[in-house]
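A short write-up of the structure that comes next.
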Amino acid sequence: MHLSEFHLNRFLPSKFILFFVFLLLPIAAVRAAWPEPVRAQRTMVASQHELASKIGVEIMRKGGNAVDAAIAVGLALAVVYPEAGNIGGGGFMLIRFNDGTIKAIDYREMAPRAASRNMFVNEKGELIRDEGSSTVGYRASGVPGTLAGFELAFKKYGSRKISWRELVEPARILARDGYILSHRLAELLYAYRETLSKYPESNRVFLRNGKFYKEGDRFFQPELAETLRRIGLFGAAEFYKGRTARLIAADMKANGGLITLEDLEAYRPIERTPLRGTYRGYEIVTMPPPSSGGLVMLEVLNILEGFNIRELGYNSAATLHVLVESMRRAFADRAEFMADPDFADVPVGKLVDKSYADALRRTISVDKATASSKIRPGSQMITEGNETTHYTVIDAEGNVVSNTYTINDLYGSRVTIKGTGIVMNDEMDDFAARPGLPNLFGLIQGERNKIEPGKRPLSSMTPTIVLRKDGSFWFALGARGGPRIISAVLQAVINVIDHDMNIQQAIDAPRLHHQWIPDEIAYEPYGLSPDTISVLRGYGHIFASRPVYLASATGIMVGSDGVRYGAIDSRSDGKAVGY
Ligand code: DON
């Protein structure tokens, strides 16, 4: 026996030891109220479907990098997460290589050539509803960008150890052999039966012509499998000028849609300069316009930097008040200034300038809400000089992809292109269909975001990467949920930086949302105590009539020891998988 052990045995009375054990046990056994993030040593994929996450991990096991894996995940989600995963939509991909280089790929949809400013307004000046509107039917779609974006990423930034066909193949097999429908997806298909059933191909594929799918049924998508087979063989060209392009153009023409073969052929993804800002010394890298996500988030963070959020405390009325006031101001700027930078003048530099944030902060009273009607976008500017999904991937070398893509609403325009299994987006609704009138998400948008041929609609998607103070990768995340994406990502960033939460806690923690108009705080069930609500009401804030869950995020964090942590929002399903 070692001397020290001898001493211990001899001098520590057993009661004392027992007391010690009982004191420590509960601490060791207690875990956070939120689930622990998923841990792995080398790689991680956090996506909203376990099958898709596993496919990404498999690609990395075979030697693919995070970019290869992200493409395979994106294609798989088009099959297993059909309400949002897509090849008929578009999005944004942020890539950070382990040497610190960051790339931003904009593969947002483009308005077709025949699109025009008032295409969704009737003779009375009202917005057209249902078929022919900006949200449902053939005219609601922009020219999809997903495959063009993925192919660009593959050719420029893939590992070259995996072929394009190998990336498409797992998705094709899932479509061909089917997969078991979860309770959630079966319910969701049923919930969307009214609009999906209006389009015969959607009615057949997703609603089995009225013999509705149930939980546990195997869901086959043979036409999509066949489309993916051709895409595997011929690449994105198949979608933009091959048989698939011809099928899309023909179905569009037969049903009053605008997208032509020329539109498809003219689609181009664009590499943009990533938007960079800082919050309390940490670098935040995110998506520039045509997404508003990065700009709005940085504007809010810049304003909040002047408040001691850590001291004010998580979810306190004081913190929430300054958060809402900052959101209100930044969203007012979104409405006025943000749009496709290739068509409109977007004052990016001014919007993310710290001194602009200082000026905005000075207009915030610590105990009084400013009515949204009192806020004029840009007044402090110095003039001189329902569906999306996010996933994050990290590979063994530390390369990271943060990708958000969408078909906008759940099941997009509800149109499935005949003979292809492709669900088309309704991204045209992200334009200001009539400047001044709210869109699907209640967003009011301005002239800069009016419809023009070849233009990309303003987005809220916010794929984001945050670096440690030494410049190394810390965490990456994004969300779905329209404009609520921005507030979800922003609050998760604050939760990590100001409140020391891990990535799962940061994503799960109750949050709120304010988008200037409507002038109300959207909040979550059980998210705020009645006394917090009453303090905020006392300041003059207005609350939405009932609480709803706001957005859904996924993310990855790397510990200082290199361990990968993956997190899926507890508000929705999905799974982080790694090895
Ligand atoms: O680009 C955008 O901002 C929207 N089309 C995103 C839509 C969305 O997140 C819907 N998800 N629930």
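Both counts, for ligands and for their atoms, begin at 1 and track the order of listing. Quick note: residue numbers are just sequence positions, from 1.
Among Ala551, Gly91, Pro457, Ser459, the residue whose heavy atom lies closest to atom 1 (O) of ligand 1 is Ser459.
In the model, Ser552 has no side-chain atom that pairs as donor or acceptor with a side-chain atom of Arg480 under 3.5 Å. Between the side chains of Ser413 and Asp426, not a single donor N or O lies within less than 3.5 Å of an accepting N or O.
Residue contact check: Ser460 has heavy atoms under 4.0 Å from atoms 1 (O), 2 (C), 3 (O) of ligand 1. Close approach of ligand 1 to Met461 is summarised as follows: ligand atoms under 4.0 Å from at least one heavy atom of the residue are 1 (O), 3 (O).
A cation-pi arrangement, defined by a distance under 6.0 Å to the six-membered ring centre and an angle within 45 degrees of its axis, is absent between Arg414 and Tyr411.
Salt bridge annotation for Arg108-Asp340: absent, with no cationic side-chain nitrogen under 4.0 angstrom from a carboxylate oxygen. Contact check on Glu187 versus Arg184 returns no salt bridge, with no Lys/Arg side-chain nitrogen under 4.0 Å from an Asp/Glu carboxylate oxygen.
Under 4.0 angstrom from ligand 1, the non-hydrogen atoms of Arg108 all belong to its side chain. Residue contacts with ligand 1 for Asp430 involve side-chain atoms from C-beta outward but no N, CA, C or O (heavy atoms, distance under 4.0 Å). With a 4.0 Å cut-off on non-hydrogen atoms, Ile485 touches ligand 1 through its side chain and not its backbone.
Inclusion of Leu458 in the set of residues having an N or O under 3.5 Å from an N or O of ligand 1 is not warranted.
At least one donor-acceptor pair under 3.5 Å links the side chain of Asp263 to the backbone N or O of Thr260.
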